[in-house]
Amino acid sequence: MNTRALTTRTARALAAAAAVALAATACGSSGDSGKDAAPGASGGSAGPVTVEASNGKITVPAGVQRIVSISYATGALLDLGVQPVGTSTIDENNPMELLPAQTEAAKKIEPIGSGIEINIEKVASLRPDLIIVEGATAFDWGVSKLEGIAPTLYFGIDKPVDLLNAQEKIATAVGKQAEFKKLKSDYETKAAKIKADYADKLNSTKWTIASSYGGGEFLVDTSTSWVGRVLADAGAKFSQASADTADHEVTYSVEKLDVLADADVILIPKTAATGEVPQDTKDLEKQPSWQNLKAVKAGKVVPLTYATTDRYGTSIDVLDQIEAVLKAQ
């Protein structure tokens, strides 16, 4: 498993966030035994439930009300209608990629640190009865310290599909299986409809996903990537560079931009919080070989929100964006 490929986007985000992160501290306890339910918090399952996570089989108590979520877990919970009492952020203002309808709710969640720099004492002060961590295995999330505060579910992510599997387990932990089932059904129904309604266009169009973090390199997402998985479910065909399934993300030097030559549509990621394409990706336009690409000449370079579509909520939104591209063809 190429861990570097999985963590490229996350590593950049965490590195940037570290400058504004709250310093991680030793594990502490609040001494306040009272636990009031947070607005919008989970009503919990009918009884204790055991969930298999990366850190073992964890027993989640019945009726959990105060949940601290770290990394991707925040979006997974908000999708299910559960508002955590604390969350980590990727910068000083914004949690992980959230849908527009979720941003207002997110403003009411107490920040407990940025990236992997979690303030353990802050977490303890929130008196959680459950902590959920969902993040790349390449990073140290301080799980052992968190376990000293409350039952902790850690879902280590090695490949994009692990995020969807984790959301299902999170739903079980917080008693939201019905909500998860509906999300999954809505996604599958929409993907099948796109596949049927646009079969001709899908069969004659090759897709790829490209981005850059500078340094004379760019990335191509493959059919097993976050967005690649959604494209595949909708029946899309992939350009040669994205058809490879050996890994979900491949790094090239900018001198190799011609690997995108056969793509009819190039999707490029936007940052969810700003709605803007990152400057490093915009800078690909300065390369003469970029300007010579078929998709560029045809005006088929399309910004896409949720390039790291980590759960069913954002995956449904990506399907909407894919359908809009197909309608415009």
Side-chain angles (χ1 to χ4, degrees), residues 2 5-6 8-9 79 97 99 159-165 167 183-212 218-252 256-272 277 281 284 290 292-329:
N2 185 345
L6 174 69
T8 299
R9 288 195 180 97
D79 269 9
E97 290 187 327
L99 296 164
K159 52 188 182 295
V161 73
D162 292 343
L163 292 159
L164 289 183
N165 296 336
Q167 188 178 28
L183 274 174
K184 184 177 180 180
S185 176
D186 288 349
Y187 170 80
E188 291 175 344
T189 299
K190 185 166 190 64
K193 187 173 188 305
I194 291 173
K195 190 173 185 177
D197 290 351
Y198 299 95
D200 290 344
K201 290 182 178 180
L202 286 165
N203 285 330
S204 61
T205 304
K206 292 183 178 179
W207 302 69
T208 194
I209 309 106
S211 60
S212 177
F218 72 102
L219 305 174
V220 176
D221 286 10
T222 72
S223 58
T224 59
S225 69
W226 297 270
V227 174
R229 171 188 52 78
V230 179
L231 283 166
D233 287 345
K237 308 296 182 184
F238 292 89
S239 70
Q240 185 173 353
S242 286
D244 183 12
T245 59
D247 214 333
H248 62 271
E249 194 173 73
V250 183
T251 302
Y252 295 92
K256 298 291 187 180
L257 278 167
D258 58 356
V259 300
L260 306 175
D262 65 329
D264 297 296
V265 178
I266 300 175
L267 302 176
I268 56 174
K270 293 191 294 185
T271 302
V277 174
T281 299
L284 291 176
W290 176 268
N292 289 329
L293 294 173
K294 175 170 61 173
V296 175
K297 289 181 176 179
K300 296 295 184 180
V301 177
V302 182
L304 180 97
T305 308
Y306 312 118
T308 309
T309 176
D310 58 302
R311 59 195 193 275
Y312 279 108
T314 49
S315 295
I316 292 168
D317 191 286
V318 169
L319 283 175
D320 289 338
Q321 295 178 71
I322 292 167
E323 184 175 28
V325 175
L326 290 165
K327 281 182 178 179
Q329 284 186 298

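All residue numbers in this chain count up from 1 along the given sequence.
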- Item | Under 3.5 Å donor-acceptor, D264 side chain and K206 backbone | yes

- Message: Strictly distance-based, threshold 3.5 Å: is any side-chain N or O of E323 a donor or acceptor partner for the main-chain N or O of I194?
- Response: no

- Item | Chi angles and distances behind the salt bridge (Lys or Arg N to Asp or Glu O under 4.0 Å) call for D320, K190 | CA-CA 9 Å; D320 289 338; K190 185 166 190 64; 3.1 Å; yes

- Looking just at side-chain N and O atoms, do T309 and S315 make a donor-acceptor pair shorter than 3.5 Å? yes

- Using atom types as modelled and distance alone, determine if a side-chain donor or acceptor of T205 lies under 3.5 Å from a backbone N or O of K201. yes

- Message: If we ignore hydrogens and angles and just use 3.5 Å, is the side chain of S242 paired with the main-chain N or O of S239 as donor and acceptor?
- Response: no

- Query: Is it true that a side-chain atom of S225 and a backbone atom of T222 form a donor plus acceptor pair closer than 3.5 Å?
  - Reply: yes

- Message: Strictly distance-based, threshold 3.5 Å: is any side-chain N or O of K294 a donor or acceptor partner for the main-chain N or O of A261?
- Response: no

- Can any side-chain N or O of T189 pair as donor or acceptor with the backbone N or O of S185 at less than 3.5 Å? yes

- Task: Quick one: sort the W226 and H248 rings into parallel, tilted or perpendicular, breaks at 30° and 60°.
- Result: perpendicular

- Message: Between Y312 and D186, do the side chains contain a donor N or O and an acceptor N or O under 3.5 Å apart?
- Response: no

- Message: Within the supplied structure, the quantity of interest is the number of heavy atoms (other residues, nucleotides, ligands) at a distance under 6.0 Å from E188 CD; does it exceed 12?
- Response: yes

